[in-house]
Amino acid sequence: MVRVLNTGFYSSIQDIGRLGAQHHGVPISGVMDQRATRLANVLVGNSEEAAVLEITMSGPKLKFECNSAIAITGADMAPSLNGKSLDYNRFIIINKGDVLSFGRLNSGFRSYLSVIGGFQTKEVLGSKSMYKGVTQFACINKEDVLRINQNNPKYQKHFSGLKMNDSYIKNSNLDVYKAPEFENLTEVQKDKLFSELFTISKDNSRMAYQLEEALENTLEPIITSPVLPGTVQLTPSGKLIILMRDCQTTGGYPRVLQLTESAINTLAQKYTGSKVCFKLKD
Amino acid sequence: MKYKQYGANSILVEWPQIIDKSILNDILTFKSKLEKANILGIESLNHAYASLIIIFNEGCFNFSSEVHLLKEIYQSSDISKKISHTLWKIPVCYHESFGIDLKVLSKGKQITVDEIIKKHTKPIYTIFFIGFLPGFLYLGGLDKALYAPRRKTPRLKIEKGAVAIGGEQTGVYPNESPGGWNIIGNSPIHFFDVLKTEPCFAKAGDSLRFYSITLEEFSDIKTLVNAGVYQIESEVIHG
């Protein structure tokens with residue numbers, strides 16, 4: 001068991017998401033940064049599907065009530081164990097009673113905590129990913145007790161310490177494909193999309209990131225159609241909205257660009273005021 | 001019909017971009033053929049009014065060969081003989097304590113509240129798809145006399161079960177949420193219940209009709225729904 005002494009800004013249990021329930025109007029959800037999650041799971045020997053704790057902006061304070069092993073990846077929030085600072089991207093042994101806490105946000109926006117065997121919270125519609133209205137809670141709360149593997153974990157301490165290239169966290173380029181309504185854009189709009197530096201507005205969440213700079217927009221809304229995480233929508237006011245993992249399953253704004261999976265990972269590490277630019281992939 | 005690549009591993013199939021029941025039927029037939037064909041690598045199928053998205057497993061996606069396969073399946077003859085669907089009868093309380101925008105609508109349209117209720121409960125609505133929120137049904141068939149623009153400022157909190165009109169559409173909020181539609185009543189039914197194996201009782205292609213209930217009936221039905229013993233009235237429609 002892991003006891004939540006403090007939640008931090010916003011932390012939720014996530015896995016690879018709820019693919020396959022979209023015909024009920026259920027969002028895909030799942031971890032915002034899949035790359036950091038894969039790494040966190042690999043480091044403790046978990047499968048890719050194992051549920052992790054996604055930590056946003058500032059970290060929680062967690063007390064382990066059993067032995068375990070963990071790894072922390074993604075944004076650097078100065079983690080420490082019993083007050084002693086911890087490495088990122090490293091296999092860490094946990095003893096019963098250990099307290100994990102986080103400090104200042106140094107880079108990125110979302111950290112990932114894996115535990116050996118994965119978090120064992122309740123699965124709903126094939127996934128443990130928290131989402132309001134589907135799972136009981138949208139995020140973890142103070143005094144929650146999160147289930148993890150209670151038995152003495154079996155592990156081999158395989159990675160002594162990996163030098164990882166985490167440059168994708170600081171990268172401001174977002175690789176994109178053309179989305180279904182891209183060709184409806186004028187040449188001027190296309191030029192602007194690929195030349196301008198866009199700023200992340202304060203409206204950014206697991207659902208969507210809205211950008212500050214607007215394009216002049218003459219496109220009509222479309223009849224409601226499916227959308228995907230990573231879809232860039234052009235709203236009537238000319239503002240661009242990049243849909244993220246908790247986005248609705250359908251939408252009525254023209255879909256102009258589609259982020260690659262690695263661009264979604266990069267965007268997940270951005271926050272209010274960060275600059276990004278779109279790079280078209282062939 | 002158009003087949004477009006959408007992202008690294010999805011295909012968007014587009015029909016003529018209009019809202020039409022025959023397009024819905026064509027999409028549903030295609031979808032059921034795809035489900036029966038059990039194609040390796042398809043992870044999710046979801047449709048809206050006139051398009052279908054097929055999400056493939058990243059590992060084994062090749063756009064042109066998938067499109068070739070999809071076209072073959074689309075053209076294959078339909079072996080299923082399924083020509084029936086379910087008509088769901090949904091109780092709605094149009095009392096003014098729920099229908100907080102009824103008076104404004106009635107004034108703006110110069111028709112009485114009773115006439116609004118009559119016009120809302122008369123049509124048999126087609127369920128085109130489920131989207132926006134878990135369990136939110138996109139319904140076709142609203143009486144033109146009831147078309148009403150969305151509110152300029154959306155409300156931050158709309159009650160679960162709220163029955164509303166937005167533009168040319170009507171629908172039920174399956175859960176508390178923000179929203180800009182005009183609220184005319186409330187239904188005590190759960191439109192999305194994760195505790196059930198099929199969290200939505202209705203599916204695309206089914207139809208639905210609202211009927212008016214009193215405040216007392218609302219509270220009785222609500223009690224039964226919460227106890228998990230309420231049976232939604234329905235009938236199977238052939239043809």
Side-chain angles (χ1 to χ4, degrees), chain A residues 16-29 34 48 122-127 131-136 175-184 220-232 243 246-252 254-255 257-264 281, chain B residues 2 4-20 23 31 35 42-58 128-138 160 167 169 174-177 191-204:
Chain A
I16 53 169
R18 224 162 249 119
L19 209 54
Q22 283 62 65
H23 61 291
H24 297 308
V26 175
I28 297 174
S29 296
Q34 293 183 345
E48 255 185 58
K122 199 176 165 210
E123 196 168 294
V124 181
L125 297 173
S127 165
Y131 177 81
K132 195 186 164 210
V134 173
T135 52
Q136 196 182 355
D175 284 339
V176 293
Y177 304 105
K178 296 173 184 175
E181 281 73 50
F182 177 80
E183 295 303 344
N184 300 356
E220 292 285 318
I222 57 172
I223 72 168
T224 305
S225 297
V227 293
L228 291 173
T231 298
V232 184
L243 300 178
D246 278 352
C247 69
Q248 294 168 8
T249 54
T250 56
R255 300 153 293 186
L257 298 172
Q258 175 65 35
L259 269 62
T260 62
E261 283 299 324
S262 69
I264 299 177
K281 256 180 97 107
Chain B
K2 283 185 229 160
K4 292 180 176 172
Q5 181 158 355
Y6 187 1
N9 51 297
S10 299
I11 293 174
L12 185 73
V13 189
E14 290 185 329
W15 279 257
Q17 295 295 293
I18 47 169
I19 299 174
D20 186 282
I23 289 179
K31 218 177 145 191
E35 277 158 0
I42 291 187
E43 298 210 325
S44 176
L45 286 173
N46 189 34
H47 77 278
Y49 286 115
S51 47
L52 168 71
I53 189 166
I54 305 158
I55 305 178
F56 289 82
N57 186 291
E58 296 162 64
F128 277 86
F129 62 98
I130 306 174
F132 170 50
L133 290 171
F136 186 90
L137 310 177
Y138 277 79
K160 175 183 172 172
Q169 303 183 83
N175 266 306
E176 189 187 293
S177 100
F191 280 79
F192 182 78
D193 186 353
V194 282
L195 300 177
K196 300 228 166 89
T197 27
E198 278 302 320
C200 304
F201 60 84
K203 58 182 189 308

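All values below come from the heavy atoms of this structure, side chains included, with hydrogens, waters and symmetry mates left out. Letters A, B, ... are given to chains in the order of the sequence lines, protein chains preceding strands, and every chain is numbered from 1.
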| Point-to-point distance, once rounded to the nearest 0.5 Å, from NE2 of B:His47 to OG1 of A:Thr249 | 10.5 Å

| said: Once side chain to side chain contact (heavy atoms under 4.5 Å, CB included) is applied, do any residues pair with A:Glu183, and if so which ones, sequence neighbours excluded? | reply: A:Lys178, A:Lys190

| Side chain, backbone, both or neither: which part of B:Ser177 has an atom under 4.5 Å from a heavy atom of chain A? | neither

| message | For A:Val176, which atoms come within 4.5 Å of any heavy atom of chain B: side chain, backbone, both, or neither? | response | neither

| said: What I'd like to find out is whether the side chain of B:Leu12 reaches to under 4.5 Å of the side chain of A:Arg255, using heavy atoms alone. | reply: yes

| note | Scanning both residues in full, the closest heavy-atom pair of A:Leu19 with B:Ile55 reads CD1-CD1, 4.0 Å

| request: Report the C-alpha distance between B:Val194 and A:Val26 in whole Å, list the side-chain angles of each, state the deciding distance to 0.1 Å, and finish with yes or no for side chain to side chain contact (heavy atoms under 4.5 Å, CB included). | output: CA-CA 10 Å; B:Val194 282; A:Val26 175; over 6 Å; no

| In terms of heavy-atom proximity below 4.5 Å to chain B, should A:Leu228 be classed as side chain, backbone, both, or neither? | both

| said: Using side-chain heavy atoms (C-beta onward) and a distance below 4.5 Å, is B:Pro134 in contact with A:His24? | reply: no

| Looking at B:Leu133, B:Ile42, B:Asn9, B:Asn175, which one has more heavy-atom pairs under 4.5 Å with chain A than the rest? | B:Leu133

| field | Region of B:Phe128 that comes under 4.5 Å of a non-hydrogen atom in chain A | value | neither

| field | Derivation of the salt bridge (charged side-chain N to carboxylate O under 4.0 Å, His left out) call for B:Glu43 and A:Arg18 | value | CA-CA 10 Å; B:Glu43 298 210 325; A:Arg18 224 162 249 119; over 6 Å; no

| query | Where does B:Tyr6 contact chain A at under 4.5 Å (heavy atoms): side chain, backbone, both or neither? | reply | both

| request: Side-chain contact test, heavy atoms from C-beta onward, threshold under 4.5 Å: evaluate it for B:Lys31 versus A:His23 and give yes or no. | output: yes

| task | Taking atom CD of A:Gln136 as the centre, report whether more than 12 heavy atoms of other residues, nucleotides or ligands fall under 6.0 Å from it. | result | no

| query | So which part of A:Ser225 gets closer than 4.5 Å to some heavy atom of chain B, the side chain, the backbone, both or neither? | reply | both

| note | Among B:Ala202, B:Gly135, B:Ser10, B:Pro199, the residue with the most heavy-atom pairs under 4.5 Å to chain A is B:Pro199

| request: Nearest 0.5 Å please: distance from the OG1 atom of A:Thr250 over to the CZ atom of B:Phe129. | output: 5.0 Å

| message | With a 4.5 angstrom heavy-atom cut-off, is it the side chain or the backbone of B:Leu137 that approaches chain A, or both, or neither? | response | neither

| field | Atom group of A:Ile28 that falls short of 4.5 Å from chain B, counting heavy atoms | value | side chain

